[in-house]
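Scroll down for the structure; my scribbles are underneath it.
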There are 2 protein chains.
Amino acid sequence: MSNILTGIDLGGTNVKIGCFDLQLKLLCKTAAATEADMGPEAVVARMAETTEKLLTENDLSPKDIAAVGIGAPGPAKLDEGIIIASPNMPLFKNVPLRKMVGDAFGKPAVLENDANTACWGEYVAGAGKGARDMIFFTLGTGIGGGVIIKGKLVHGCADNAAELGHVIIYPNGRRCACGQKGCVEAYASADSTARRATEALEAGADSSLKSVLEQTGRITCKDVYDHLAQGDKLAKEITDVTAEALAIICINMLHTTEPKRIVFAGGMIAAGDILLNRIKDFFNEHIWSLKKETVEISFATLGEDAGIIGAAALAKQALEQANEG
Amino acid sequence: MSNILTGIDLGGTNVKIGCFDLQLKLLCKTAAATEADMGPEAVVARMAETTEKLLTENDLSPKDIAAVGIGAPGPAKLDEGIIIASPNMPLFKNVPLRKMVGDAFGKPAVLENDANTACWGEYVAGAGKGARDMIFFTLGTGIGGGVIIKGKLVHGCADNAAELGHVIIYPNGRRCACGQKGCVEAYASADSTARRATEALEAGADSSLKSVLEQTGRITCKDVYDHLAQGDKLAKEITDVTAEALAIICINMLHTTEPKRIVFAGGMIAAGDILLNRIKDFFNEHIWSLKKETVEISFATLGEDAGIIGAAALAKQALEQANEG
């Protein structure tokens with residue numbers, strides 16, 4: 001009956017799989033260890049098996065899968081469906097993932113970058129709904145990005161567009177893992193936020209975070225926001241640097257592609273309004289006075305499901321395009 | 001015979017008009033004072049008269065005009081063909097310029113922002129030729145921008161995209177006329193370059209430019225590049241700040257839309273390779289080490305004709321789309 005869309009979110013540690021009806025309503029979902037060190041063939045075979053099991057357990061038939069979408073990390077040749085490399089999956093080098101998944105499932109498949117897939121999920125079903133022009137950031141270990149213009153993901157001339165974490169906002173500033181200095185990722189990712197707090201404590205700053213560092217040996221981004229909520233002064237300073245960096249990049253995106261909505265996702269948004277409002281404060285402080293801006297800055301709403309929803313939605317779109325063509 | 005495309009580049013001071021064949025070969029061109037203070041009706045009537053005279057003098061018939069393209073400054077509602085406002089033409093407020101031009105010429109007309117029009121000219125016939133993804137900057141009094149993705153100009157959600165001069169590269173840096181601080185325009189426009197030189201001289205810097213300031217009362221951007229060519233140390237420092245700012249914005253555009261080519265236009269590019277090479281030096285100094293980048297950074301090739309060529313090309317495109325639709 002071909003009425004099931006499968007969305008796969010492939011990560012270095014886990015692979016998430018969701019099955020949806022043609023209106024993108026979630027039917028069932030699961031997650032499994034990626035076991036990337038078994039190599040691409042084994043990973044793909046497991047994806048197909050896991051999906052089959054998931055559907056059968058939910059009284060659905062794998063035969064009814066209409067198409068499969070996969071979001072995967074690392075640089076890719078999207079037109080050819082190839083993953084060039086992936087930092088957390090060293091065996092994935094020039095892997096024709098789209099074809100492999102298509103063959104394993106016996107169904108049409110579509111491949112997209114993982115940040116773009118999550119962006120697409122929020123666009124079709126989450127915080128980006130109704131905005132034809134959108135900018136998307138994931139605030140995690142690093143900062144990933146997505147750019148949607150007139151309802152289409154921007155891939156760039158060689159499928160490496162939307163590396164928004166590496167937009168430089170403080171030239172000659174903090175060193176980023178990418179080799180540049182002053183990237184927004186070097187200030188405002190969850191990892192960088194935690195690292196700046198740790199550095200401040202090690203430099204002798206007074207803070208309620210000190211006891212966390214002493215007891216656990218490390219500070220997490222969540223610690224910073226927990227102590228911010230309790231009124232800690234250092235946590236506020238650290239958060240303000242994060243929020244100001246994110247506000248600057250919002251302004252820069254506004255002046256580049258003029259999105260209607262800017263959506264932040266990733267673990268860090270658990271901080272909630274206390275963070276979102278600071279981003280908006282700094283946006284208002286730094287934005288021009290030439291005209292009033294109405295861009296909506298908001299947090300993602302789909303949580304960890306954004307990737308599987310986006311992947312399924314891309315599969316749906318590919319099907320529709322194939323039918324039109 | 002409808003085989004002439006008219007391209008109009010409307011500026012606050014001058015209006016440039018070019019007539020082209022359907023392959024965008026220039027047939028004839030002219031320029032006239034805009035006389036914006038006469039109001040939009042008079043300006044448009046003059047455009048039509050000037051075009052008629054131009055064609056007649058060149059043994060061509062105004063009847064053969066197939067379509068007219070106009071590039072105009074200031075915020076606009078492009079879908080509706082309306083100029084909202086224009087800093088140098090105070091009487092142009094909510095002017096339905098597309099309809100007025102269409103009526104005056106009795107031909108289909110198309111309206112575009114002036115920086116986008118020049119960008120489109122370079123894209124179809126100049127330094128951007130063959131690059132489907134391109135970023136464009138005009139370095140003049142201010143800095144204007146254009147963004148092309150997959151062969152289409154990016155307009156943004158409300159026709160204000162590509163305000164690239166107001167991308168912030170030094171947060172809390174030099175004040176920009178727009179009200180923001182640290183815009184690339186505040187460092188790297190022709191005016192800002194000249195202003196930084198003047199400030200340095202007034203602060204007592206030693207330079208061969210000093211005599212220019214004493215004799216003429218002002219420093220121009222051209223003076224800076226003239227003295228740079230003669231080996232002046234201050235001129236080199238001023239140029240380096242300009243070039244570094246432009247390099248940073250090239251990197252930021254690369255990580256956002258991933259253009260294949262970045263093209264600089266405007267009076268300042270008369271400085272030539274001595275400036276272009278410094279931009280490339282700083283690009284190479286600041287760019288990440290994650291992968292080798294191949295984006296081509298170059299100077300525009302059409303000079304002052306970019307606007308009329310772009311306007312004519314947009315008229316051609318609109319005609320083709322009307323025929324397809």
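Small disclaimer: the values here were computed from a predicted structure and weren't measured. Residue numbers begin at 1 in each chain, while the letters A, B, ... track the order of the sequences. Below, each value reflects all heavy atoms present in this structure, side chains not excepted, and no hydrogens, waters or symmetry copies.
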Run the numbers on A/T239 and A/T242 for side chain to side chain donor-acceptor pair (under 3.5 Å), then give the verdict. CA-CA 5 Å; A/T239 302; A/T242 298; over 6 Å; no

Rounded to the nearest 0.5 Å, what separates atom [atom1] in [X] from atom [atom2] in [Y]?
X      : Y      : atom1 : atom2 : answer
A/C250 : A/E293 : SG    : CD    : 12.0 Å
B/S298 : B/L276 : OG    : CG    : 7.5 Å
A/L314 : A/T117 : CG    : OG1   : 6.0 Å
B/R174 : B/E185 : CZ    : CD    : 12.0 Å
B/L246 : B/F282 : CG    : CZ    : 10.5 Å

If I compare all heavy atoms of B/K280 with all of B/I297, which pair ends up nearest, and what's the gap? CE-O, 3.2 Å

Given side chain to side chain donor-acceptor pair (under 3.5 Å), test A/Q317 with A/W120 step by step and report yes or no. CA-CA 11 Å; A/Q317 188 186 50; A/W120 194 250; 4.8 Å; no

In terms of heavy-atom pairs under 4.5 Å, which option from [options] contacts chain A the most?
options                : answer
B/E285, B/K152, B/K260 : B/K260
B/N172, B/V167, B/L164 : B/V167
B/E244, B/K181, B/K291 : B/K291
B/A177, B/G179, B/S289 : B/S289

Heavy-atom pairs under 4.5 Å with chain B - which of [options] has more of them than the others?
options                        : result
A/A161, A/P75, A/C157          : A/C157
A/L254, A/I251, A/V295, A/I249 : A/I251
A/A162, A/P171, A/C176         : A/P171
A/T294, A/T257, A/V154, A/N160 : A/N160

Between B/T256 and A/T256, is any side-chain donor less than 3.5 angstrom from a side-chain acceptor? no

Which portion of B/A245 sits near chain A, non-hydrogen atoms under 4.5 angstrom: neither

Can you list the residues of residues 123-151 of chain B that sit under 4.5 Å from chain A, counting heavy atoms only? B/D133, B/V147, B/I149, B/K150

Checking side-chain hydrogen bond (donor to acceptor under 3.5 Å, both in side chains) between B/H255 and each of A/Q180, A/E163, A/H166, which is the one that passes? A/Q180

Okay, A/I248 and chain B: the region with an atom under 4.5 Å from a heavy atom over there is side chain

